[in-house]
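Step one of this worksheet: look at the structure below.
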Amino acid sequence: MELLGYFVSALTPLNLLMALGGVVLGTVIGALPGLSATMAVAVLVPFTFTMDPATGLIALGAIYTGAIYGGAFAAILVNTPGTPSAIATTFDGFPMAKRGDGSLAVTLATLASVVGGLVGGVFLLLLSPPLAKVALAFGPPEYFWLAIFGLTLISALSVGNTLKGLLGGCIGLMLAMVGVAVVGGDIRFTMGTHTLLGGFDIVSALIGLYCIPVLIDLVATPDRHLKVEQGNRGIRLFEAFGLAWKSKFNVLRSAVVGTIVGVLPGAGGSIAGLVSYSEARRSSKEPETFGKGAPDGIIATEAANNATVGGGFIPTLVLGIPGTPPDAIILGALLVQGIKIGPTLFTQQGDIVYTFIFGLLIATALMLPAGLLIGRYAYKSIASIPKTLLVPTIAFLTVIGSFAIHSNLHDVQMMLSLGVLGWILNRCGFAPSPIVLGLVLGKIAEQGFVQSYLIGNATNNITGMFFGRPISLAIVALAAFTLLYPLIFAKRKEKAKKRALEAARTYSETNGETTVASTQEIKPAPFDPLAGLKKQFAKPRDVAGMFFAILLIAAGGWAYSQTAEMTPMGSVFPSTISVTIIVLSFVLLGLNIIRKPAAASGSDEASNASTPRRVALVVAMCLWVFAIPVLGFATAAFLAFLVLSRVACFEVMGPKRLAIEALAGIAIVGGLYLLMAQVLLIRMPTGHLF
């Protein structure tokens, strides 16, 4: 009965208003690349100090859960994860949007997010103390192997390019080591510049590696960014419900996985989403559809990353160990309110904490109508906006989003540089997701590795430290299984597909009559452990991959030479990763030398006529960034808006339409500038002239 009383306390009009307002605000912020959940929660914390503790916490929790969900909008509509948790949502969300199923993808993401959030909240409500013990069982080796497991997952999901996926993950780990070492304080790979002392910001890299390549390709052709749905099909709620109900086991499994991963401090929604996505793909009857617009991929990712919200609050409330930056900020708000964190919290101040948990569940439930209402117009708006407005608007969001993190133009320069590099790598078969995930997990992996190495070295048992603990061995086994499964069972899957097609053909030819002879012809495929390896050798030679393998060997050699100037504590991880890069690059190079040359193919989809526009976009954005200190942020942004709209234009426009676009540019640039400067209180740069 006590719990019922706390539930009633959470249903006051003010608490409901805070829950709804927080979810809507969080969804909008999460959908804008660069405006993270951490920023939203941090800005609004002072406003909660005058509120009742439970009400203030409900508002912060609602913003947090709304922002994690909102990241799916950008992932689906512009192929840019609004938050790192939505990395795996891009795999199937954007392909669905491109083929005209964007509204269905958004609705599926909404349903999965709500269910995942509710499951995580229920676990938080009922099982907090027991689950908190799981977090205590994880030491440095477990966190290191967990990070490696996340990288192997996304590498294995790089269909047909597992080796390039592993190399991409190692590149991300090397980028994460630039700057001051997380353990030991060594200054590494800065090349003598103060700009790189702070390293590569994760959000800037996320925006650059995902969004800039989309912009470069967007201006290359006059085709629409997204396919417009025929007729008024709305949010397609019943269709989405049917798909979600059909995949109910996938939804619940992903939500439970997300909750358990969320309990581990530092693991976060990116690992949870990848683990759930990988499991959904492995257990699917149609794994080949994943990465091409499979609804189950969106369901698994969104159910998992929203479940991490409830899971992350478990160690925060029970142990005082925040799992993510928003958790840390909310923990600070709890302490300011005079709430004592620990196992006794649920008994001594149960009225506050249980009201907060019920408020979080209510906010998650309110996410369904709010998300569907936003989603109803989001897809059609993005799909119907002409390129002459869409390209400069997305470009402006990338610049202002990467600047807003630290109010530093160096972040914008890094974002643009990584974006151009990401486009080149993507054209050569290196997907951005492994690089981004390596950057996200780099500090977790290095801290776990170095601490484990130091403990093992002190006890003369380095091998036992890494491979002698039960949880570590379980994670290592899962990582090995993830990498080897596609190689070992590749032939069996191909034979199964051929048997299914043969059976369908026989069924059609015999009008549904199956003879004994036809059933005897279908034999199970023999087990061939080298099937996947043979398939790799059968591929045509990848000249671009060979070129980048040589570059990576040189880069790895340079990185290894730099470790001689570091302390043993600061050099152990970068030397290990640089050697790994060299070895993997040699394997990629040797594999392509053995392969046969590729047959001559037709012209690439990107014609020569599109190349000048791509170059013009990159040049315009570079000039824009370097003009900000001279012209000021707003003036430079407006001029760049006009230039980029011309770069994206494939038709002759009259004076009236040009004037309308100029006014639209003023409204978009001015509105977002005021939002940053006046509402979020971000210090915007002024120029010498304006």
Side-chain angles (χ1 to χ4, degrees), residues 84 87 138-155 166-191 196-206 261 264-268 270-271 274 321-325 328 414 418 434-458 462-463 465-467 469 471-472 475-476 479 552 555-556 558-584:
I87 288 174
F138 272 64
E142 285 77 16
Y143 278 108
F144 166 69
W145 287 119
L146 186 66
I148 298 302
F149 179 45
L151 290 173
T152 57
L153 277 174
I154 201 162
S155 301
L166 288 173
L167 274 169
C170 290
I171 292 170
L173 290 175
M174 289 300 296
L175 291 176
M177 287 183 256
V178 174
V180 181
V182 67
V183 179
D186 289 78
I187 296 175
R188 304 177 303 195
F189 309 128
T190 59
M191 292 177 285
L196 294 175
L197 278 175
F200 289 95
D201 182 78
I202 292 172
V203 179
S204 295
L206 191 79
V261 173
L264 307 175
S270 52
I271 290 182
L274 286 168
I321 304 173
T324 61
M414 289 181 185
L418 286 174
I435 301 173
V436 171
L437 195 67
L439 192 57
V440 170
L441 300 177
K443 295 191 184 302
I444 300 172
E446 180 176 9
Q447 188 169 349
F449 182 86
V450 174
Q451 288 176 348
S452 302
Y453 178 82
L454 292 175
I455 296 170
N457 195 37
I462 295 176
T463 305
M465 195 65 195
F466 281 99
F467 299 99
R469 295 161 66 104
I471 299 178
S472 294
I475 299 174
V476 171
L552 288 173
W558 173 82
Y560 187 81
S561 68
Q562 295 294 304
T563 59
E565 303 173 3
M566 304 175 192
T567 64
M569 192 184 302
S571 66
V572 60
F573 192 65
S575 59
T576 303
I577 299 302
S578 57
V579 169
T580 305
I581 288 177
I582 293 170
V583 171
L584 290 175

TODO: Work out which heavy atom in Val450 is nearest to a heavy atom in Val572; give both atom names and the distance.
DONE: CG2-CG1, 3.9 Å

- [ ] Could you tell me the separation between the CZ atom of Phe573 and the NZ atom of Lys443, rounded to the nearest 0.5 Å?
- [x] 11.0 Å

Task: Close side-chain approach of Met569 to Leu454, heavy-atom, < 4.5 Å - done: yes

Task: Shortest non-hydrogen separation from Ile171 to Ile581 and the atoms involved - done: N-CD1, 4.4 Å

Ignoring hydrogens and angles, write down the donor-acceptor pairs under 3.5 Å from the side chains of residues 173-185, residues two or more places apart or on other chains.
none

Open item on the list: Thr567: which residues meet the side-chain hydrogen bond (donor to acceptor under 3.5 Å, both in side chains) condition with it, sequence neighbours left out?
Closed with: Asp186

Task: Non-hydrogen atoms of Leu196 and Phe189 that approach each other most closely - done: CD1-O, 4.0 Å

Open item on the list: If I take atom CD1 from residue Ile187 and atom CD from residue Glu565, how far apart are they, to the nearest 0.5 angstrom?
Closed with: 12.0 Å

Task: Closest heavy-atom pair and its distance - Ser452, Met465 - done: O-CG, 3.4 Å

Open item on the list: For the CH2 atom of Trp145 and the CD1 atom of Ile471, what is their distance to the nearest 0.5 Å?
Closed with: 15.0 Å

Task: Nearest non-hydrogen partners of Ser575 and Thr563, listed with the distance - done: N-CG2, 3.9 Å

Task: Contact summary for Ala205 and Leu418, nearest pair of heavy atoms - done: CB-CD1, 3.7 Å

TODO: Determine which pairs satisfy salt bridge (Lys or Arg N to Asp or Glu O under 4.0 Å) with at least one residue from residues 570-584, sequence neighbours left out, and list them in order.
DONE: none

- [ ] For residues Arg188 and Met566, determine if any side-chain heavy atom of one lies less than 4.5 Å from a side-chain heavy atom of the other.
- [x] yes

Open item on the list: So, taking the atom named OG1 in Thr576 and the one named OH in Tyr560, what distance separates them when rounded to the nearest 0.5 Å?
Closed with: 9.0 Å

Open item on the list: Once side-chain contact (heavy atoms from CB on, under 4.5 Å) is applied, do any residues pair with Leu584, and if so which ones, sequence neighbours excluded?
Closed with: Leu163, Leu166, Leu167, Cys170, Thr580

Task: Interatomic spacing from CG in Leu441 to CD1 in Ile148 - rounded to 0.5 Å - done: 8.5 Å

Task: Counterpart residues, side-chain hydrogen bond (donor to acceptor under 3.5 Å, both in side chains), relative to Ser472 (two or more places apart) - done: Glu142

Task: Partners passing ring pair (Phe, Tyr, Trp, His ring centres under 6.0 Å) against Phe466 (at least two apart in sequence or in another chain) - done: Phe144, Phe449

Open item on the list: If I take atom CD1 from residue Ile462 and atom CD1 from residue Ile455, how far apart are they, to the nearest 0.5 angstrom?
Closed with: 11.5 Å

TODO: Answer yes or no: are there more than 12 heavy-atom neighbours, outside Tyr453 itself, under 6.0 Å from its atom OH?
DONE: no

